[in-house]
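Have a look at the structure below, then the notes.
Proteins get letters first, then strands, A, B, ... in listed order; numbering begins at 1 in each.
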There are 2 protein chains.
Amino acid sequence: MKPETDARITDTRKKILDLAEALMLSRGFNAFSYQHISAELGVRNAAIHYHFPKKSDLGVALIERYCRRFERFTQAQAELSPSEQLEQYFELADRYFGQQQICPSGILSAELQTLPDDMRQQTQAFVALMRGWAADIVRRGRDVGVMHYPGSAEGMGDVVFAAMQGALQLARFDQQALQSVKLQIRQLLGCQ
Amino acid sequence: MKPETDARITDTRKKILDLAEALMLSRGFNAFSYQHISAELGVRNAAIHYHFPKKSDLGVALIERYCRRFERFTQAQAELSPSEQLEQYFELADRYFGQQQICPSGILSAELQTLPDDMRQQTQAFVALMRGWAADIVRRGRDVGVMHYPGSAEGMGDVVFAAMQGALQLARFDQQALQSVKLQIRQLLGCQ
DNA sequence: GACACCTTACTGACCAGTAAGTAGAGTCGC
DNA sequence: GCGACTCTACTTACTGGTCAGTAAGGTGTC
């Protein structure tokens, strides 16, 4: 009966978000239902609706959390070198892969046409964040002389971002594809 | 009453496949129903089930058609130079983009976890085809001296394939992303 | 007694899939 | 050249399941 043991900290809302996140990244937003969450959580369907009245509310909350998390992620490694930042991004992808998941921007853009309007706008903001960050890394990498590539930093950032998103999807068929793409990007950037 | 005028050629089965293809590439396989097709076609729902008893039959037929079409596509340009072949692949992506669609391998790998088994296997074969072809182009490009890149042809092929798949998804938010990625890939390969 | 956080119980929409019937066109025996 | 048969390509009518979403009630806590 210690106050630490009754896990008040982990409230239902957060559990819902965590479960929804895992479901979205493996099955897609349209392909999971409130039933999937409530069954796993041991509550009734309507409990989910209490926290997130519409499914799009849940979706928007998910993407907002991604944005916040991603901004914390980039801020936390603002002091790292560009090549270290690139490796951090690769590790992020490894984590998704380890859980049979794909990139959130990947699933969201694939399903974009069927997403509710509010989710679509949030997705756009999230993709812009990730895209801008990839461009930042390779721009600063070239500025400090550790990365070398032709063309613009925006173009190279887009290639890195798109290739990693594609690689996570490719990795669903061939486990080695992710490693292969990571290695090739390092070589294309001339770092390591 | 000429025998040519009563368009017997365009049979329902092909119309179903064409409509299903467009729906899958824009909405995804799980997000379209037989209703979508039958309403557009002016027939009843069960008419679709006559041609494709299960939805997975329709899905498998779709991917099989992709495989056949893609093999014809690659055979037709076997004589072209590697850089011309690359441009042909880019034009393929442009066509998808022009119809607000994404790459079939993109949507199928995103939805993979929710696809029926037979579709999953077909998808794997299709992805292997496209992936092998991308590697072939850059391998032959390097062999004849018009493309230059570090690392293996397989790695570079994977990057090109994954980047183009990702670029089509990115292009749903920013129209210029596709052009940007295409240009950057050309520059990375040192051709043009 | 007010509020947060659930519950039970329900609605209406949509979905894949099935069963049975039918219209028309082609084929065969005679 | 005509009825009987058969096959293709549908139709109508239905089932059972899943879904998001709602309304109203309960329960514990402050």
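- If you measure from atom CG of Asn30(A) to atom C1' of dC19(D), you get 12 Å, rounded to the nearest angstrom.
- In this structure, Phe73(B) and Trp133(B) have perpendicular ring planes: the angle between them is above 60°, well past the 30° mark.
- Between the side chains of Gln35(B) and Asn45(B), at least one donor N or O lies within less than 3.5 Å of an accepting N or O.
- Put simply, CD1 on Ile37(B) is 9 Å from P on dA16(C), counting in whole angstrom units.
- With rounding to whole Å, Asn45(A) atom CG is found 12 Å from dT18(D) atom P.
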Worked verdict on Glu154(A) versus Arg131(A) for salt bridge (Lys or Arg N to Asp or Glu O under 4.0 Å) | CA-CA 9 Å; Glu154(A) 287 74 23; Arg131(A) 211 182 154 200; over 6 Å; no
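- If you take CG of Leu41(B) and C1' of dC10(D), they are 12 Å apart, rounded to a whole angstrom.
- A cation-pi arrangement is absent between Lys182(A) and Tyr89(A), since the terminal nitrogen or guanidinium carbon is not both under 6.0 Å from the aromatic centre and inside a 45° cone about the axis.
- Going from atom CD of Gln35(B) over to atom P of dC19(D) covers 17 Å, rounded to whole Å.
- Closest to the Thr12(B) side chain, of the nucleotides dT7(C), dT12(D), dC10(D), is dC10(D).
- Near DNA chain D, meaning a heavy atom under 4.0 Å from it, residues 47-57 of chain B has Ala47(B), Tyr50(B), His51(B) in order of number.
- The CZ atom of Arg44(B) sits 16 Å away from the C1' atom of dA23(C) (whole-angstrom rounding).
- Side-chain atoms of Gln169(B) and Gln169(A) include a donor-acceptor pair closer than 3.5 Å.
- Under 4.0 angstrom from either OP1 or OP2 of dC15(C) there lies at least one side-chain N or O belonging to Ser33(B).
- Under 4.0 Å is where a charged nitrogen must lie from a carboxylate oxygen, and between Asp136(B) and Arg140(B) no such pair does.
- With rounding to whole Å, Leu58(B) atom CG is found 15 Å from dC15(C) atom P.
- If Ala46(A) and Ala31(A) are placed on DNA chain D by their nearest nucleotide, the residue sitting closer to the 5' end is Ala31(A).
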